Number of protein chains: 2
Amino acid sequence: MEKIYTIKDIAELAGVSKGTVDRVLHNRGKVSEDALNKVNEVLDKIDYQPNLMARSLKKTQIYSICVLLPDSASDPYWQPCIDGINEAKKEFKSFNVKLEVFLFDPTSTASFVETNQSVLNTSPDAVLLVPLFHKEAIDAIETYNSKGIIASIFNNQLKSSAIKSFVGQDLFQSGRIAARLLELLLQKGTIAIVHIDEDYENAIHMQEKERGFRNYFDTLEKGKFEIKTFKVKHPQFKTTLKEYLEANPAIEGLFVTTSKAYQVAKIISKNPERKIALVGYDLLENNLEYLNNKIIDFLIHQNPKRQAYLGATNLIEHFIFEKEISAEKLLPIDIINTENAKDYIL
Amino acid sequence: MEKIYTIKDIAELAGVSKGTVDRVLHNRGKVSEDALNKVNEVLDKIDYQPNLMARSLKKTQIYSICVLLPDSASDPYWQPCIDGINEAKKEFKSFNVKLEVFLFDPTSTASFVETNQSVLNTSPDAVLLVPLFHKEAIDAIETYNSKGIIASIFNNQLKSSAIKSFVGQDLFQSGRIAARLLELLLQKGTIAIVHIDEDYENAIHMQEKERGFRNYFDTLEKGKFEIKTFKVKHPQFKTTLKEYLEANPAIEGLFVTTSKAYQVAKIISKNPERKIALVGYDLLENNLEYLNNKIIDFLIHQNPKRQAYLGATNLIEHFIFEKEISAEKLLPIDIINTENAKDYIL
DNA sequence: TGTTAAAATGTGCTCGAACACAATAAAAAT
DNA sequence: ATTTTTATTGTGTTCGAGCACATTTTAACA
């Protein structure tokens with residue numbers, strides 16, 4: 001148990017007043033070289049840890065953090081994010097931080113831009129956002145940056161020097177995991193990657209997952225597996241997938257790169273004689289239902305709640321504990337089957 | 001943004017002094033009925049949240065928590081626990097808590113008893129321990145309890161009214177997960193549950209895992225799987241398992257209930273013509289090696305680091321934030337394969 | 001040498017809760 | 001009615017950091 005030093009202790013050891021120590025610690029200047037040396041000598045010798053209670057008690061400034069994410073009314077995937085933010089809120093409610101959530105419509109670029117404008121008008125100290133629209137997100141982040149507002153992102157990776165922090169998963173690896181699972185389920189055969197509900201060109205996450213998935217099979221003994229790709233957007237989805245499967249009777253496995261595996265499961269389950277292995281993403285209620293029916297074999301958990309929570313706490317702790325903002329935090333990629341699913345929902 | 005009330009605010013609203021408010025809040029008595037009513041009326045109306053910074057700044061009492069766990073020199077499984085404790089230590093170093101680790105020899109009951117005695121001599125405020133020896137653990141916990149020392153456990157479940165908190169996993173469910181994985185790997189056939197390195201009678205975790213494992217297959221269509229059990233303690237282990245497998249050529253899958261799957265993998269790998277599916281526990285380096293060689297198909301992660309961390313923070317937050325101690329915290333049971341293993345190690 | 005400006009240093013208050021102690025009011029005893 | 005006892009209420013200090021302001025020291029100039 002080492003002694004805990006206070007500013008007063010340091011002042012006494014250095015033979016100066018606590019005002020001077022304070023000036024040295026925050027290098028506010030107005031300190032003679034002589035005094036500076038005396039204080040630094042003491043600081044080198046001891047390990048001074050400022051008392052954070054005292055600091056945050058004194059500081060009256062309230063740090064404001066805005067969180068921008070898609071409205072879960074449009075896509076239930078986002079609900080856990082709000083829960084994660086609320087958890088962070090609760091945990092740090094005693095501190096001088098204000099967390100405010102702004103929702104935008106994930107189907108509308110305009111809504112995203114507008115919401116960013118609203119956030120900008122509150123001139124917060126930091127913004128945590130889901131960069132759903134590539135170009136617009138970059139624009140928004142650069143605007144924040146130019147105004148001295150810290151910008152962090154989560155869920156979707158995005159390369160920009162204006163971004164201070166990213167929380168998410170390694171999507172390439174995520175694709176490899178799906179591949180490994182389908183390998184175990186099938187041993188050999190034809191598998192289709194199914195991209196639904198989003199534009200392939202705009203959805204980097206789909207591309208990365210596909211890359212990882214194919215990469216895994218490329219390193220395997222050749223000839224065992226054949227990998228196809230199937231892309232389709234929502235409205236026409238049902239009939240097209242049905243036709244696609246009928247046209248490709250060799251397909252024994254599907255990898256759905258979005259959280260919409262339940263839609264695929266619905267179609268598969270109509271033809272129970274044809275057994276098709278199915279791996280998808282996210283613990284939506286619809287997905288869990290088909291997981292329990294064993295139509296879906298595995299789900300990969302992207303842990304949106306934890307992503308949001310960590311994104312928020314990373315910023316909060318930066319402000320109140322002066323912690324370094326970690327540039328990248330990759331979450332473990334959880335494999336979910338019928339038996340461990342319930343542990344992850346809460 | 002609701003207003004944050006202070007004791008001074010309450011005093012003004014109730015028309016009394018802050019000393020009186022303080023006496024009401026901590027019901028230290030010496031308050032007239034009239035004053036009590038006035039203060040309570042205000043308290044009912046507003047949501048008073050004491051400023052924890054101010055409180056812990058004033059309080060000079062240092063809470064002491066002792067952590068008792070097996071020495072990782074005897075079993076590398078325990079190393080992550082120490083890491084978890086250190087993480088908790090670091091996170092709360094500014095607060096008035098002292099975390100002290102005491103190690104015991106997991107192979108020696110006497111060592112466990114002695115270490116508990118040492119802990120008792122420091123008369124801590126709380127103890128967090130791994131109750132490796134059933135009877136002795138109960139005794140120790142009751143002693144702590146009688147002296148007003150809070151006792152929490154992690155890793156191994158133990159039923160006793162003297163225990164304030166348990167952090168761990170649902171071991172029955174854990175067995176079911178292993179079962180589900182082996183079902184997927186084999187479709188049908190003979191599987192053996194392998195209990196090694198510990199006394200089956202004293203190791204409740206083994207029994208629970210076996211129960212869960214068998215329970216899963218009991219609910220399946222009969223006749224597809226046959227489940228056997230194989231128990232052996234360390235020294236004679238190698239030859240006996242080898243003989244057992246030769247005597248039972250039908251066995252196509254093994255479920256190892258301890259962290260020693262690598263020992264089984266070593267034997268299996270000597271005979272590559274015979275393909276045996278293998279599921280075990282814990283991300284020890286030896287296990288990971290065989291996982292990457294695809295001798296081990298899946299590992300189940302018990303997350304000892306997080307168990308220790310949560311056990312510790314649960315107690316810490318009880319002391320400094322007056323949080324309720326949660327009686328039971330069951331961690332998710334992570335499924336690990338070649339592709340997501342590295343995310344869980346850190 | 002005296003005066004003024006500038007630089008350096010020290011002092012004292014604040015944040016909110018906790019608690020010791022002083023002050024006041026009410027009740028009891030003379 | 002006055003003193004003493006007891007019950008109730010209020011005041012003031014502390015914790016450590018941060019910062020405004022007062023004070024002292026040193027340098028610059030007339």
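A note on names: the letters A, B, ... follow the listed sequences, proteins ahead of strands, and every chain is numbered from 1. These numbers come from a predicted model, not from an experiment.
Taking the 5' to 3' direction, DNA chain D first and last meets chain B under 4.0 angstrom from a heavy atom at dT8(D) to dG16(D).
Considering only side-chain N and O atoms, Arg55(B) lies under 4.0 angstrom from the phosphate OP1 or OP2 of dA18(C). For Thr20(A) and dG10(C), the shortest distance from a side-chain N or O to OP1 or OP2 is below 4.0 Å. Contact between the side-chain N/O atoms of Arg28(B) and the OP1/OP2 oxygens of dC19(C) is found at a separation under 4.0 Å.
Contact annotation for Ile7(A): backbone-only contact, meaning every heavy-atom pair under 4.0 Å involves sugar-phosphate atoms and none involves a base. At a threshold of 4.0 angstrom between heavy atoms, the contacts of Asn51(A) are confined to the sugar-phosphate backbone, with no base atom among them. Using a 4.0 Å heavy-atom cutoff across all strands shown, Lys59(B) reaches no nucleic acid atom at all.
What separates NZ of Lys8(B) from P of dC15(C) is a distance of 6 Å, to the nearest Å. Per the geometry, CG belonging to Leu36(A) stands 17 Å off P belonging to dA7(C), to the nearest Å. Straight-line distance from the CD atom of Glu322(B) to the C1' atom of dA18(C): 12 Å, rounded to whole Å. Ile10(B) has its CD1 atom 14 Å from the C1' atom of dA18(C), to the nearest Å. Separating the CD atom of Gln61(A) from the P atom of dC15(C) is a distance of 17 Å, rounded to the nearest angstrom. Rounded to an integer number of Å, the gap from Asn96(B) CG to dA18(C) P is 13 Å. Distance Phe321(B) CZ to dA17(C) P: 15 Å, rounded to the nearest Å. Spacing between atom NZ of Lys30(B) and atom P of dA18(C) amounts to 18 Å, rounded to whole angstrom units.
DNA chain C is contacted by both Lys58(A) and Gly15(A); Gly15(A) maps to the nucleotide lying nearer its 5′ end (nearest heavy atom per residue). The residue among Tyr5(A) and Lys18(B) whose nearest nucleotide of DNA chain D lies closer to the 5′ end is Lys18(B).
Between Asp334(B) and Tyr344(B) the shortest side-chain heavy-atom distance falls below 4.5 Å. Residues Asn145(A) and Ile149(A) fail the side-chain proximity criterion, which asks for heavy atoms closer than 4.5 Å. With contacts defined as side-chain heavy-atom distances shorter than 4.5 Å, the pair Leu132(A)/Pro70(A) qualifies. Leu25(B) is listed as a side-chain neighbour of Tyr48(B), based on a closest heavy-atom distance under 4.5 Å.
Side-chain atoms of Ser160(B) come within 3.5 Å of backbone N or O of Ala162(B) as a donor-acceptor pair.
Cation-pi geometry between Lys90(A) and Phe92(A) is not met at under 6.0 angstrom from the ring centre and within 45 degrees of the axis.
In the model, Gln79(B) has a side-chain atom that pairs as donor or acceptor with a side-chain atom of Asp83(B) under 3.5 Å.
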